[in-house]
Colleague: 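Got a structure for you, questions after.
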There are 2 protein chains.
Amino acid sequence: MKTINLTTQRQAVYDVVREAEDHPTAADVMNRLVERGHSFAYGTVYNSLRYLTDKEMIRELKLGETASRYDARTDDHQHIVCEVCGKVGEVMTPMPEEWLAKVAEETGYEVHEAHIVVEGVCAECRSKRKR
Amino acid sequence: MKTINLTTQRQAVYDVVREAEDHPTAADVMNRLVERGHSFAYGTVYNSLRYLTDKEMIRELKLGETASRYDARTDDHQHIVCEVCGKVGEVMTPMPEEWLAKVAEETGYEVHEAHIVVEGVCAECRSKRKR
DNA sequence: TTTCAATTTAGAATAAGTATAAATCTATTT
DNA sequence: AAATAGATTTATACTTATTCTAAATTGAAA
Ligand SMILES: [Mn+2]
Ligand SMILES: [Mn+2]
Ligand SMILES: [Zn+2]
Ligand SMILES: [Zn+2]
């Protein structure tokens with residue numbers, strides 16, 4: 001079944017994620033909904049995020065922080081997190097297919113996908129650190 | 001200060017992690033301690049795991065599940081998780097340096113390290129699936 | 001309209017982990 | 001040996017993120 005039922009609340013949640021520049025958490029989404037004059041139940045926001053994730057309209061990101069983040073970009077890409085300020089950037093450079101092939105060979109697993117979280121220091125934090 | 005103070009409880013926690021074959025969670029560690037006749041406070045197990053991690057005697061793994069796992073292998077490697085049975089395998093094939101360099105160039109971040117979680121289906125689950 | 005399934009709501013429940021303050025252990029000084 | 005002081009452990013309370021539950025609401029179809 002690929003029919004998608006976008007209720008008012010699901011559409012509003014989707015809009016927030018789609019218009020975000022920063023991979024918001026569920027709590028971020030909640031706050032932005034309130035800013036836009038909505039007041040949905042907490043559970044509804046979680047349900048909507050899950051629904052949209054299931055329908056592959058958004059992606060859920062586990063970046064090793066306590067809370068999941070959400071991303072309206074569903075094309076294949078990875079993420080990089082600043083160890084200083086926590087900013088999350090996009091990594092579009094594709095993972096070499098050959099690495100995945102080697103991993104499949106090494107482990108005997110049938111490999112489906114890789115989630116990569118790169119850690120480092122962003123340009124701003126680096127220049128602040130300099131002085 | 002690199003002095004390491006291994007109390008009874010820290011040593012016992014370390015032993016459990018070192019002798020485990022399966023990247024145990026804190027709860028797993030707790031259970032195995034009880035099996036070995038120990039009965040430490042829950043907080044002590046968490047404190048010990050954190051202490052050992054800080055001293056780099058073990059590593060904490062965030063594999064996108066709800067609970068962290070712990071690994072006595074501290075050499076550079078990655079992990080692969082079976083989507084069916086949840087088994088966690090080691091990935092020793094190193095990520096090409098050149099990929100990390102490209103990511104640094106693309107993002108402007110100073111890249112420190114990459115945490116990779118590969119998802120797929122392990123050999124056993126694949127053969128079970130066949131019939 | 002009536003009906004029925006899907007959805008939303010408010011709030012309780014759960015899971016993992018952290019914080020706190022008192023008790024205990026351990027090493028050092030007297 | 002006794003006293004002191006710092007580190008550690010313990011029991012328990014707390015926090016945070018998320019899921020569950022049961023009742024109320026919505027909205028499409030009959
Ligand atoms: Mn992204
Ligand atoms: Mn490992
Ligand atoms: Zn930064
Ligand atoms: Zn498996």
Colleague: Where the side chain of Asn47(B) is defined as all heavy atoms beyond and including C-beta, which of dT18(C), dT10(D), dT9(C) is the nearest nucleotide?
Modeller: dT10(D)
Colleague: Could you check which of dA11(D), dT18(C), dT9(C) has an atom nearest any side-chain atom of Gln9(A)?
Modeller: dT9(C)
Colleague: Counting any heavy atom closer than 4.0 Å, what does Tyr42(A) reach on the DNA or RNA strands: base, sugar-phosphate only, or nothing?
Modeller: base
Colleague: Asp54(B) has an atom CG; how far is it from atom P of dT8(D), in whole Å?
Modeller: 12 Å
Colleague: By nearest atom, which of the nucleotides dT18(D), dA16(C), dT9(D) is closest to the Ala26(A) side chain?
Modeller: dT18(D)
Colleague: Quick one: label Ser68(B) by what it contacts on the DNA or RNA (base, sugar-phosphate, nothing), any heavy atom closer than 4.0 Å.
Modeller: sugar-phosphate
Colleague: Less than 4.0 angstrom between a side-chain N/O of Tyr46(A) and OP1 or OP2 of dT19(D), yes or no?
Modeller: no
Colleague: Could you tell me the separation between the CG atom of Leu6(A) and the C1' atom of dT7(C), rounded to a whole number of Å?
Modeller: 13 Å
Colleague: Strictly below 4.0 Å: does Thr7(A) bring a side-chain N or O up to OP1 or OP2 of dA6(C)?
Modeller: no
Colleague: Report the distance from atom CD of Gln11(B) to atom P of dT9(D), rounded to the nearest whole Å.
Modeller: 12 Å
Colleague: Could you state the CE-C1' distance from Met30(A) to dA10(C), rounded to the nearest angstrom?
Modeller: 12 Å
Colleague: Counting just side-chain N and O atoms, does Asn5(A) come under 4.0 Å of either OP1 or OP2 of dA6(C)?
Modeller: no
Colleague: Choosing from dT8(C), dT10(D), dT19(D), which nucleotide comes nearest the side chain of Phe40(B)?
Modeller: dT10(D)
Colleague: Between Thr8(B) and Thr25(B), name the one whose nearest nucleotide on DNA chain C is closer to the 5' end.
Modeller: Thr25(B)
Colleague: Would you mind telling me which of dT7(C), dT19(D), dT9(C) lies closest to the side-chain atoms of Thr44(A)?
Modeller: dT9(C)
Colleague: When the distance from CZ of Arg50(A) to P of dT7(C) is rounded to whole Å, what number comes out?
Modeller: 12 Å
